[in-house]
Structures are given as structure tokens and as C-alpha cells.
Amino acid sequence: MRKFLFLAVFALVSIVATAQEKCFWVFFTDKNDTQFDPYSYFDAKAIERYQKCGADLYDISNYPLNDSYVNTVGSYSTEVFGESRWLNAIGIEATDDNAALISRLPFVARVQEIVSNGTVANVMTEFKEIKDDNKDILTDQLKRFGGQHFIDKGIDGKGLRICVMDGGFPKVNTHPAFQHLRDNNQILKTYNFPNKKEDVYGWSTHGTMVLSCIAGVNKEGQKLGLATGAEFLLARTEIDPEPFKEEVWWAQGAEWADKNGADIINSSLGYGKDRHWTKDMDGTSYVAKAANKAVEKGILICNSAGNEGDDSRWMTIITPADAENVICVGGIDANLKDYRHISFSSYGPTADKRRKPDVVAFGEAQVANPSGGFTSAFGTSFASPLTAGFCACAWQTKRDLTALQMKAEIQKSCDLYPYYDYAFGYGVPQAAYFTGDLKPAERSFTLVQEKDGVKIVVPKVIENQDVFINVEGADGVLLGYYKVHPDSTGIKLNNKDFGQGKKLNVCYNGFYDSCPISGNGDDINLLTQYRNSQNGTFKEVKKEGWQKTTYFQYDYILPNSTWNGFSRHFAFGRRWLYGKSYKIGLGLGLDWNRFVAKGQIPDAMEVENRETIMRQMQLRGELMQRIVIRMWGINWDLGVYGGINALRRVKVVDHMKWQDAEGNPTQPYNSKVTSYYNHCRAMNLFEYGATTRVSYSIANLLNIGVYGSYRLSPVITKDDFLIGTKANNPSPWSVGIEFEIVQ
């Protein structure tokens, strides 16, 4: 019977997965019997924005949901945690069974499980006080935009309203970095969507740092962000740890921003590799649809590209940065001399090969520390709000433009435009473009068509300036892009390195030129490769979803009446897992078992004290399933294992005191007599059993947990083993700890 024990337990996971409550989108067929008055619903500034961009105030997307539909679905749900007018949908918690019942309601168009998990797009924060002698770096993040042009002309975002959606804003109501916002009543409204209240001044410190990159001022009076004169709406749409509800809250936050007259939304948030596939980053997620809808209604959106640039399994951006009309912001090093992609910033293109990111800014920024003072922080989370503050100032100079027109202008202002690549986008936006101070770029190179190729002739090598090169296919998809520092001889590109129908694009010191390539080759092989993507993708799709880990286990085998010594098990190996929230996996490793029995054990030879030690070295395979509970960062594993004992060894140590014929000790110490026995006949060649683990994930890099196993096969298989019969088998139970490194 016990051999079937695991099958029942293994099946339990599927039953639990079915019975547990999940989050779903429920989409309705219509908005019948609803009424809407935009002039009582919208802020006056929102109405003005609608009229300027030509959007319809009476569009059906603005109408409320049908209350009877919502109430009926709510009766089948544990919770209705959010609504979206734009999507004509609600977010619910329910079991799979109730979700199936809801899907059959006549007014329900479809029910879809929410399979995206929101994450704030930051990498790390160094909480250290910025010293006075290092204060100049506080302006570098604005110098990179040429922000002094805005400052000199008194352009600070005045007249623009910015909504910041994040995980919380602790100390924004007290921190000196935001004193000017409080003094001038520039924070107009706040709302906490997870808690359904107005208080946002707590929870994640991320939002405080992000806001400071838009409008903060340091203790020296220097700007951390350019839009110190803008008005603000603060929305908490994320919680930590992350549940599935945030996609709904993001859509609600965008609608709230629309209602309350926002011109710009900054979203340093993203939904990516934890639950989505790369192929999903094609602008079709529900947050991407909500983002595009917001832009249609006149709102400009800046969104972090994501921080997956170091992950070879995820070579694309995150959503909603993949939305067509969103300004996707990548990151560069915080260096005014060297133009370098910062390692963690996500690369484009989108899954459907559209050009993203759009622009870049510093991926390391000086920000307000919610604990007091100012600190250094890393992530595209901070590149996005730096850009949002820039956009507010830029739009202040061109208030007649719509959001889409402004997005195009932001791209044109970039220092690489019209050159583009998947690391830098169009480059860093420049304030001089909007203030009329931008000087035309001087020719810095010439493209010379030679018989065997194209030569980039650089008359004068400019210090700290690299040549940006890409090769573009006939369909507009980049086949490769590079960054090289020229020498006095220029750069030669041979025809044989390229196929026909391709285009060479070059940018150097702000000057751009291009030419067709007429070669007959098939591969790209430029001098220095910065990044290369064959056919516009950085990774093989067939590898997508697989995760490799390295594990280490240390167990204690529970004692029984015979095997009462310190028995232990140690193992290490590799696992390959496939999936997102629910994973299946295979493992392969090496195990060492040591069973110890102390005291007199039945045998023909009587001794005063005996210790029997059995050792196994095992090549072990594992079949497992893992449920990832992302709300708490917990993994629950259940699996079966089987192994072949490559080494089986029995050692018996007899502890005796030497004595004379009368039984008196002849020596004051113990001596040991060691015997080895025929272990191959006695110990099982094969072993199998069940395992379970509960582990906690730290930053998706290390899983630490407790581990247990139940051995279904016997260790001792022969009745003539020196210690007796099968009844003397070691305990099948073991418990211990496991460390798993995610790769």
C-alpha cells in the first residue's frame, strides 16, 4: 500500500490547484442600461484634454459597468477587487469551478485567469548619505538631458499634471525633498487601490524615490527631477509581496488618472518574466491595452523597460512598456562622458519585432531616501521618472500638441535620432530641441562606397564619442547593432559580410547617415559586436520557460530502534523546470547516505559494543512539480525520485576492552576491530521514494527551504545480512534543509 502513497499525494497537488482561489478577469458583453454624464464625472482639466486631442467624452469606454452584472458575478466570487470601465471587466477571486459557472452567464463574454505578476522595476538601492563633496553628481542626471536649458528659461512643468503609479509614497508628506510640492499644494489627489482609501504615505519606499526623480529637490536646492512646478496625482497600485491583482489595479489607476485630468503617467512598474512568456510581450496584454487607451484619451505614458538585460532567457522588454503608444524608457550608465548601456536594462525589440525601447536615461540616479537624506538607486525605475519630468517640461513648450504628437517630438529630440537600436532606442532626449537652442550637427564622417564594401571615413576622432552602427533588414527589423570607437583610418565594412536588401545606418557625434548594402553574404560580422540579434530576436524560443537550478541538500535520517546513530544524507545536483506559477521539472544528482546503528545488534558474534555503518553513493533522478506562491515568495515542491546505488559498503566497528582470564582490563583504553562484509548481496541496488520541499525565494536568485523524503524501497533486501532481517531496515523518513541557486 505504501508504494501507492505517493501517487495519492502527488495527485493532491492538482486537486489543491483546482480548488484554490485564483484571480480572474471577467469581461462583459455590453454596458446596457447604464447612464453617463462626462461633465459631472471628469475633472475640468480632463475635459480640456479630451477636447484638445479630439477624443470623445461620450465614448462607451467611459460609461460605468452594469451594476447587476457586477453583483451577479460577485455572488459567485470570494472578492471583486477591481473594475475597469475601459476594458468592460472586473477582477475577481474565485475557484476554478465558480469561474466556469461565471463563464456560462449570458452577459459574460469570457473569463480569463490573470497570469501576470507586477514588479517594481528597480534593481537595488544603496542607502548611503550623499556627502557635500559629492553633491555635483546630483545634477548629472539632468545634465544628461541638457536640462539647464529648461532651468535657464524657467521651464519646470508648470501647467502639467502627472500621475505616478507605484507601490507607496512613505514620507512624501514630510520629506524636505518635497517641501515645495506641499507648500504650493501641488499634490492634488491620492488613492490607494489595494486598500481602497486615500492614504498612500506608507508601504513601498520605491514610489518616494521615483517621485523625487520627477520633482524632488535636494538639501542644497538642486533639482533631482526637472518637473518641480507640475501638479501630481499619487496612486498606489502595487503591494509587496506581489499578488495577481495588480494588473487590475494598474488599469484602474490609469482610469483614475484620466478622470482626474492627468497629462502624463509615470509607471515604473512592469509585468514580465515571472508569469509571462517572451512571446506575450507584443502589446496585447490587458495593461498594454489600458495604456494604449489612455494615450488615445490624450495622456502621455512613460514606462520602465525592465531590468532583465542580464537574463539571457528574457531578451525583451516588459509590459505595458511594450504598448505601441507608450514611451518605453531604458537605462544607461550614469556617466556624462561614456555612452554605455547599463547592464540590467532590458533590450528590445518587442515579441512582434516593434522598436522598443524608445529612449534612454540614467539607470542610476540620486533620489530622496524615505529614511531621510538622499541616496543612490539603480534601475530603469528611475530612468522612467527622469524622462517623465523631462516630458512635462518639453510639453510645457508645446502645449498645442497631443500625447501622440508629443511622443514623436520626444523621439526626434534624442541625441541619436534618427539612428535607432534595441539597446539605446533613439538615445537621450535633449532639452535644447524644445528651447530652440539645438545646433545642427556637423558632418563627422562620410560613407564611401568602395568596390568591395562600405568604408566609414572619420576625418577627426572625437574623444569620448563612439560610432553607432546598425544593419536593418528590408522589413525594418534590425539584424545587428554595434558601438565602436573609431581610429584615424575609419571603419571598413566588407560587402561579403552582408546580404542584399539591407541598409547600413550610422551615427557619430550627433550626425546621421545611411546607405544600402549590396553584398551577397548571409551573415553579419562587424568589427566590434555590442549586441547582435539574428532576425531580431536575442534568444531561441524553444528555450523559453526553462529554468536551471543547482541544489544542495543536507538531511537527517530519523532514528528507529535499530538504526539509532547519527544517520545523514547529503546531495547536490541540477534541476530543469518548465513553467511559471506551476512548474514541472527533472533533476539529476549525486546522493550520499550514511546509516549508523549503535549498541548490540543480533548476530552470531557477541561483543560488548558494536557500531554498524552502511554507506551508499547514489546516482539519483527526480521527477517533480512545483507550485509558486508569489504572494509570499514560497515554493512548494512534490516529487518522486529513483536512483542506482553506485557504491554500497558496510563497515562494522566493534568496541572492546582487552581483559585477562578473570575479566580484568589489561589496557586502560578501548581498541577497535573493523570488519567489512558482503554488502552487495545485502543492500538494495535500486532505491525510490517521494520528496517534498517548502522553500522561500530570495530575489528569484536563491531558494532556501526545508526538505523531507519518504523512502518507499527497503535498504536491506537479504535475510542473511549480518544484522538480521528486513525488519531491521533504517527509517524511511528523513528531514533537512536545501539551498537552490537559480540560474
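The figures here come from the full heavy-atom set of this structure, side chains too, leaving out hydrogens, waters and symmetry mates. Heads up: numbering here begins at 1 and tracks the sequence.
The salt bridge (Lys or Arg N to Asp or Glu O under 4.0 Å) analysis of residues 253-272, with sequence neighbours excluded, yields the pairs K45-D263, R49-D258, D263-R399. A salt bridge (Lys or Arg N to Asp or Glu O under 4.0 Å) check over residues 284-295, counting only residues at least two apart or in different chains, returns the pairs K293-E296.
One side chain, E364 or S376, offers a donor N or O that lies under 3.5 Å from an acceptor on the other. Side-chain polar atoms of S267 and N303 form a donor-acceptor pair below 3.5 angstrom. For the residue pair D421 and N470, no side-chain donor N or O sits within less than 3.5 Å of a side-chain acceptor on the partner. A side-chain donor from one of T228 and K223 sits under 3.5 Å from a side-chain acceptor of the other. For the 3.5 Å distance criterion, the side chains of E308 and Y347 fail to qualify, holding no donor opposite an acceptor.
Between I151 atom CD1 and L142 atom CG the span is 6.0 Å, to the nearest 0.5 Å. In this structure, OG1 on T190 lies 7.0 Å from CG on D199, to the nearest 0.5 angstrom. Rounded to the nearest 0.5 Å, atoms OG1 (T284) and CG (D352) are 8.0 Å apart. Within the model, atoms CD1 of I301 and CG of N266 stand 10.0 Å from one another, a figure rounded to the nearest 0.5 Å. A distance of 10.0 Å separates CD of Q252 from OG1 of T237, quoted to the nearest 0.5 Å. Rounding to the nearest 0.5 angstrom, the gap separating the CG atom in D338 from the CG atom in D333 is 7.5 Å.
Residues F382 and H206 bring their aromatic ring centres within 6.0 Å. In this structure, F468 has its ring center at least 6.0 angstrom away from the ring center of Y508. Aromatic pair Y201/H175: centroids not less than 6.0 angstrom apart.
Using a distance-only test at 3.5 Å, with no hydrogens or angles considered, no donor-acceptor pair links the side chain of N192 to the main chain of K197. Listed for the T208 side chain is a donor-acceptor partner under 3.5 Å among the backbone atoms of P170. Remark: side-chain polar atoms of D322 are paired, donor with acceptor, to backbone N or O of G283 under 3.5 angstrom. Although no hydrogens or angles enter the test, the distance criterion places no donor-acceptor pair under 3.5 Å between the side chain of E442 and the main chain of P440. A side-chain donor-acceptor contact under 3.5 Å links N218 to the backbone of Q222. In terms of modelled atom types and a separation under 3.5 Å, the side chain of Y339 and the main chain of G427 share no donor-acceptor contact. Under the 3.5 Å distance criterion, the side-chain polar atoms of D59 are matched with a main-chain donor or acceptor of S61. Side-chain atoms of Q396 come within 3.5 Å of backbone N or O of G157 as a donor-acceptor pair. Of the possible donor and acceptor atoms, none in the side chain of W203 sits under 3.5 Å from a partner among the backbone N and O of R236. Looking at S212, its side chain does come within 3.5 Å of a backbone N or O of A368 through a donor-acceptor pair.
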>> Evaluate T435 against I155 for side-chain contact (heavy atoms from CB on, under 4.5 Å), listing each step before the verdict.
In response: CA-CA 9 Å; T435 60; I155 299 169; 4.1 Å; yes
>> With side-chain contact (heavy atoms from CB on, under 4.5 Å) as the criterion, how do V172 and L211 come out once you've worked through the C-alpha distance, each side chain's angles and the decisive distance to 0.1 Å?
In response: CA-CA 9 Å; V172 166; L211 179 61; 3.8 Å; yes
> side-chain contact (heavy atoms from CB on, under 4.5 Å) between I342 and F362: does it pass, once the steps are laid out?
Replying inline: CA-CA 8 Å; I342 201 164; F362 276 8; over 6 Å; no
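Remark: Y512 engages no residue in a ring pair (Phe, Tyr, Trp, His ring centres under 6.0 Å) (not counting sequence neighbours). Judged as a ring pair (Phe, Tyr, Trp, His ring centres under 6.0 Å), and not counting sequence neighbours, the contacts of Y417 are Y426. Partners of F42 under the ring pair (Phe, Tyr, Trp, His ring centres under 6.0 Å) rule, at least two apart in sequence or in another chain, are Y50. Remark: W25 engages F27, Y286 in a ring pair (Phe, Tyr, Trp, His ring centres under 6.0 Å) (not counting sequence neighbours).
Using cut-offs of 30° and 60° for the angle between ring planes, the F434 and F390 rings count as perpendicular. Ring geometry, Y63 versus F36: the interplanar angle falls from 30° to 60°, so the pair is classed tilted.
Between V217 and H180, some side-chain heavy-atom pair lies under the 4.5 Å cut-off. Side-chain contact between K31 and N88 is present, with heavy atoms from C-beta onward closer than 4.5 Å. Put simply, the side chain of I214 reaches to within 4.5 Å of the side chain of V164, judged on heavy atoms. The closest side-chain heavy-atom distance from S514 to Y419 is not below 4.5 Å. Residues F193 and W250 have side chains not in contact (no heavy-atom distance under 4.5 Å, counting atoms from C-beta outward). R443 places a side-chain heavy atom less than 4.5 Å from the side chain of D513. Side chains of M209 and P370 form a contact here, defined as non-hydrogen atoms less than 4.5 Å apart. Side-chain contact between F178 and K171: absent, with no pair of heavy atoms (C-beta onward) separated by less than 4.5 Å.
A salt bridge is defined here as a Lys NZ or Arg NE, NH1 or NH2 lying under 4.0 Å from an Asp or Glu carboxylate O, and D466 with R340 fails to meet this definition. No salt bridge links K297 with D56; every basic N to acidic carboxylate O contact stays at or beyond 4.0 Å. Between K398 and D400, none of the side-chain N atoms (NZ, or NE/NH1/NH2) sits under 4.0 Å from a carboxylate O, so this pair counts as no salt bridge. Ion pairing of D43 with R161 is present here, as a side-chain N (NZ or NE/NH1/NH2) and a carboxylate O approach within less than 4.0 Å. Comment: R354 does not engage D282 in a salt bridge, judged by the lack of any side-chain N to carboxylate O separation of less than 4.0 angstrom.
Under a cutoff of 6.0 Å and an axis angle of 45°, R85 and Y41 form a cation-pi pair.
Smallest separation of non-hydrogen atoms from A394 and I410: CB-CD1, 4.0 Å. Between D310 and S343, the closest heavy-atom pair is OD1-O, 3.1 Å. For E409 against Y433, the heavy-atom pair with the smallest separation is OE1-OH, 2.9 Å. Among all heavy-atom pairs drawn from T350 and K356, the shortest one is CG2-CG, 3.5 Å. Annotation for R182 and N173: closest pair CD-O, 3.2 Å, computed over non-hydrogen atoms. Of all heavy-atom pairs between G331 and A383, the closest is CA-CB, 4.4 Å.
A side-chain contact (heavy atoms from CB on, under 4.5 Å) with T380 is found for one member of S345, S268, C328, S346 and no other, namely S345.
Shown here is K337, whose NZ atom has no more than 12 heavy atoms of other residues, nucleotides or ligands within 6.0 Å. In E198, the CD atom is not crowded: 12 or fewer heavy atoms of neighbouring residues, nucleotides or ligands sit closer than 6.0 Å. Residue K407 places its NZ atom among more than 12 non-hydrogen atoms of other residues, nucleotides or ligands, all under 6.0 Å distant.
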